[in-house]
Participant: 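Got a structure for you, questions after.
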Amino acid sequence: MQAILYVGHGSRVEEARNQAAQFMKQSMEHQSTPIQEISFLELAHPTIEEGFKRCVERGATSIAIVPILLLTAGHAKKDIPMELERLQSRWPTISITYGRPFGVHEKIIDILIRRIYDKAKPIDDAMVLLVGRGSSDPDVKRDLREIADRLFEKHRFKRVETSFLAAAEPSFEEGLEQTMRYGHKQVLVVPYLLFTGILMKSMEKTIRKLTTENQDFILCDYLGYHPNLQEVVSERVQELIGVGV
């Protein structure tokens with residue numbers, strides 16, 4: 001019997017954990033697969049092992065693993081596969097298939113534009129600073145740059161630059177310094193994050209200090225679990241098991 005196991009990142013922040021769990025539970029409603037469970041990679045329960053075990057206990061013989069992650073980095077390439085390899089050795093008769101993170105997707109570009117307009121009406125001299133979580137994996141830097149380029153193509157801001165909160169350059173602070181040198185009157189800071197959390201709260205404190213008479217810094221909301229993302233999840237599920245709603 002087919003099962004789907006959704007894997008969220010996890011967070012120390014309760015609100016973020018609740019948002020992720022709610023999104024994964026909503027994702028279940030879009031699929032007809034009889035066995036569906038949620039799990040988290042770290043910092044929250046149920047763990048991947050706990051979710052996997054629950055699928056098996058409910059009668060699963062094949063489990064499709066769907067990562068609820070924005071970009072393909074260490075978690076998607078190493079951490080989750082290593083855990084699945086361990087679980088496969090424990091349950092060798094269970095067929096495991098592993099899907100793709102959201103990746104670079106047009107539906108997510110549309111969410112970014114929505115988040116910008118939720119906070120401000122961009123003026124003629126507006127630029128965007130797109131801020132990713134960051135990773136030592138070069139694919140993350142490449143993918144965020146592609147997302148920035150697609151955002152620029154869809155909405156002709158004066159420029160769209162990228163920066164990272166950790167493990168990649170330019171850092172968030174370096175990105176802000178560069179935007180100040182550019183001198184655009186309106187700087188729209190867009191977090192490329194799925195949920196609220198410690199990183200988002202830190203950004204809020206930093207941005208509050210920057211606005212001057214000549215430059216207005218506006219922090220937009222994180223992506224959140226937008227309906228567009230439900231559609232991307234459905235695409236990823238269909239890639240694995242070939243069925244949808």
Participant: Can Gln19 and Tyr222 be counted as having a side-chain donor-acceptor contact under 3.5 angstrom?
Facilitator: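 Side-chain D/A pair, Gln19 to Tyr222: present.
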Participant: Kindly check if the number of other-residue, nucleotide or ligand heavy atoms within 6.0 Å of CG (Asp118) is above 12?
Facilitator: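 Yes - once you tally the heavy atoms of other residues, nucleotides and ligands closer than 6.0 Å, there are more than 12.
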Participant: Output yes when Glu83 and Arg86 qualify as a salt bridge under the 4.0 Å nitrogen-oxygen rule, no when they do not.
Facilitator: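 Yes, Glu83 and Arg86 are salt-bridged.
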Participant: Got Ile65 and Leu240 here, is their nearest side-chain heavy-atom distance under 4.5 Å?
Facilitator: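 No - every pair of side-chain heavy atoms lies 4.5 Å or more apart.
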Participant: Which heavy atom of Met1 sits nearest a heavy atom of Gly59, and at what distance?
Facilitator: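 Taking Met1 first and Gly59 second, the nearest heavy atoms are CB-O, 3.5 Å.
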Participant: Using the side chain to side chain donor-acceptor pair (under 3.5 Å) criterion, which residues pair with Gln178? Sequence neighbours excluded.
Facilitator: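 Scan of Gln178 (side chain to side chain donor-acceptor pair (under 3.5 Å), adjacent residues dropped) gives Arg181.
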Participant: Can you pull the ring pair (Phe, Tyr, Trp, His ring centres under 6.0 Å) pairs that have at least one residue in residues 59-86, sequence neighbours excluded?
Facilitator: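 Checked against ring pair (Phe, Tyr, Trp, His ring centres under 6.0 Å) - neighbours excluded - the pairs reaching residues 59-86 are His9-His75.
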Participant: If we only count heavy atoms from C-beta on, is the Ile68 to Val233 side-chain gap below 4.5 Å?
Facilitator: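 The answer is yes; the side chains approach within 4.5 Å.
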Participant: Which atom names give the shortest non-hydrogen contact between Phe195 and Ala16, and what distance separates them?
Facilitator: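 Of all heavy-atom pairs spanning Phe195 and Ala16, the closest is CD1-CB, 3.6 Å.
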Participant: Any idea which heavy atoms bring Arg236 and Pro101 closest together, and the distance?
Facilitator: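 Minimum heavy-atom contact is NE-O, 2.9 Å.
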Participant: Could you work out, with side-chain contact (heavy atoms from CB on, under 4.5 Å) as the rule, every residue matching Asn214, not counting sequence neighbours?
Facilitator: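 With neighbours one apart ignored, the set is Thr212.
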Participant: Considering residues at least two apart in sequence or located in another chain, which fulfil the side chain to side chain donor-acceptor pair (under 3.5 Å) criterion with Glu106?
Facilitator: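 For Glu106, the residues satisfying side chain to side chain donor-acceptor pair (under 3.5 Å) (neighbours in sequence not counted) are Arg150.
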Participant: Kindly indicate whether the side chain of Val187, heavy atoms from C-beta on, has any atom under 4.5 Å from the side chain of Leu210.
Facilitator: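 When only atoms from C-beta onward are counted, Leu210 and Val187 do not touch, as no gap falls below 4.5 Å.
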Participant: Tyr192: what forms a ring pair (Phe, Tyr, Trp, His ring centres under 6.0 Å) with it, not counting sequence neighbours?
Facilitator: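 Here no residue qualifies.
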Participant: Residues in side chain to side chain donor-acceptor pair (under 3.5 Å) with Glu173, at least two apart?
Facilitator: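 Glu173 satisfies side chain to side chain donor-acceptor pair (under 3.5 Å) with no residue once adjacent residues are dropped.
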Participant: How about Met28 and Ile38: do any of their side-chain heavy atoms sit closer than 4.5 Å?
Facilitator: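 Yes, at least one pair of side-chain atoms sits under 4.5 Å.
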Participant: Heavy atoms only: give me the nearest Leu43-Arg17 pair and the separation to one decimal.
Facilitator: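 Closest approach of Leu43 to Arg17, heavy atoms only: O-CD, 3.6 Å.
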Participant: Residues in side-chain contact (heavy atoms from CB on, under 4.5 Å) with Ser163, at least two apart?
Facilitator: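 Expected list: Leu129, Val131, Pro170, Phe172.
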Participant: With distance as the sole test, does Arg115 use its side chain to make a donor-acceptor pair with the main-chain N or O of Leu223 at under 3.5 Å?
Facilitator: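 It does hold such a pair.
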Participant: Under the criterion side chain to side chain contact (heavy atoms under 4.5 Å, CB included), I'd like the reasoning laid out for Ile80 against Leu41: C-alpha separation, chi angles, the key distance, then a yes or no.
Facilitator: CA-CA 7 Å; Ile80 296 176; Leu41 175 62; 3.9 Å; yes
Participant: For Lys77, I'd like to know if atom NZ has over 12 heavy atoms of other residues, nucleotides or ligands within 6.0 Å.
Facilitator: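 Result for NZ/Lys77: enclosed.
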Participant: Less than 4.5 Å apart, side chain to side chain, heavy atoms only: is that true for Leu194 and Phe102?
Facilitator: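 In contact.
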Participant: Check this for me: Glu57, atom CD, are more than 12 non-hydrogen atoms of other residues, nucleotides or ligands nearer than 6.0 Å?
Facilitator: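 More than 12 within 6.0 Å, yes.
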Participant: Can you name the residues that form a side chain to side chain donor-acceptor pair (under 3.5 Å) with Glu161, not counting sequence neighbours?
Facilitator: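 Per chain and number, Glu161 pairs via side chain to side chain donor-acceptor pair (under 3.5 Å) with no residue.
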Participant: Could you pull out the closest heavy-atom pair between Gly51 and Pro46, with the gap in Å?
Facilitator: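 Result for this residue pair: N-CB, 4.3 Å.
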Participant: Who passes ring pair (Phe, Tyr, Trp, His ring centres under 6.0 Å) against Phe23, sequence neighbours left out?
Facilitator: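 Phe23 satisfies ring pair (Phe, Tyr, Trp, His ring centres under 6.0 Å) with Tyr225 once adjacent residues are dropped.
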Participant: Begin from the C-alpha positions of Phe40 and Met24 and carry the test side chain to side chain contact (heavy atoms under 4.5 Å, CB included) through to its verdict.
Facilitator: CA-CA 10 Å; Phe40 293 93; Met24 288 187 281; 3.6 Å; yes
Participant: With a 4.5 Å heavy-atom cut-off, do Gln186 and Ile218 have their side chains touching?
Facilitator: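 Yes, their side chains come closer than 4.5 Å.
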Participant: Could you go through residues 152-159 and list every donor-acceptor pair under 3.5 Å that involves a side-chain atom there, pairing it with any protein atom two or more places apart or in another chain?
Facilitator:
from, atom 1, to, atom 2, distance (Å)
Lys154, NZ, Asp110, OD1, 2.4
His155, NE2, Tyr117, OH, 2.7
Arg159, NE, His184, NE2, 3.0

Participant: Is there a side-chain contact between Asp216 and Ile123 (heavy atoms, below 4.5 Å)?
Facilitator: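 No; the side chains remain at least 4.5 Å from each other.
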Participant: Looking at side-chain heavy atoms only, is the closest gap between Leu219 and Pro191 below 4.5 Å?
Facilitator: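 Heavy-atom side-chain distance check passes, below 4.5 Å.
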Participant: Taking Val160 as the fixed residue, which of Asp149, Ile147, Leu151 is the one that meets the side chain to side chain contact (heavy atoms under 4.5 Å, CB included) rule?
Facilitator: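 Exactly one option meets the side chain to side chain contact (heavy atoms under 4.5 Å, CB included) with Val160, and it is Leu151.
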Participant: Applying side-chain contact (heavy atoms from CB on, under 4.5 Å), can you list everything that pairs with Gln22, at least two apart in sequence or on another chain?
Facilitator: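 Gln22 satisfies side-chain contact (heavy atoms from CB on, under 4.5 Å) with Gln26 once adjacent residues are dropped.
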Participant: Checking Arg142 now: which residues fulfil side-chain contact (heavy atoms from CB on, under 4.5 Å) with it, not counting sequence neighbours?
Facilitator: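 Arg142 satisfies side-chain contact (heavy atoms from CB on, under 4.5 Å) with Asp139 only.
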Participant: Can you see which heavy atom on Gly132 is nearest to which on Leu144, and at what distance?
Facilitator: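 Shortest heavy-atom contact: N-CD2, 3.7 Å.
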Participant: Please check if the side chain of Ser62 supplies one atom and the backbone of Ile94 the other of a donor-acceptor pair under 3.5 Å.
Facilitator: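 No: the side chain of Ser62 does not pair with the backbone of Ile94.
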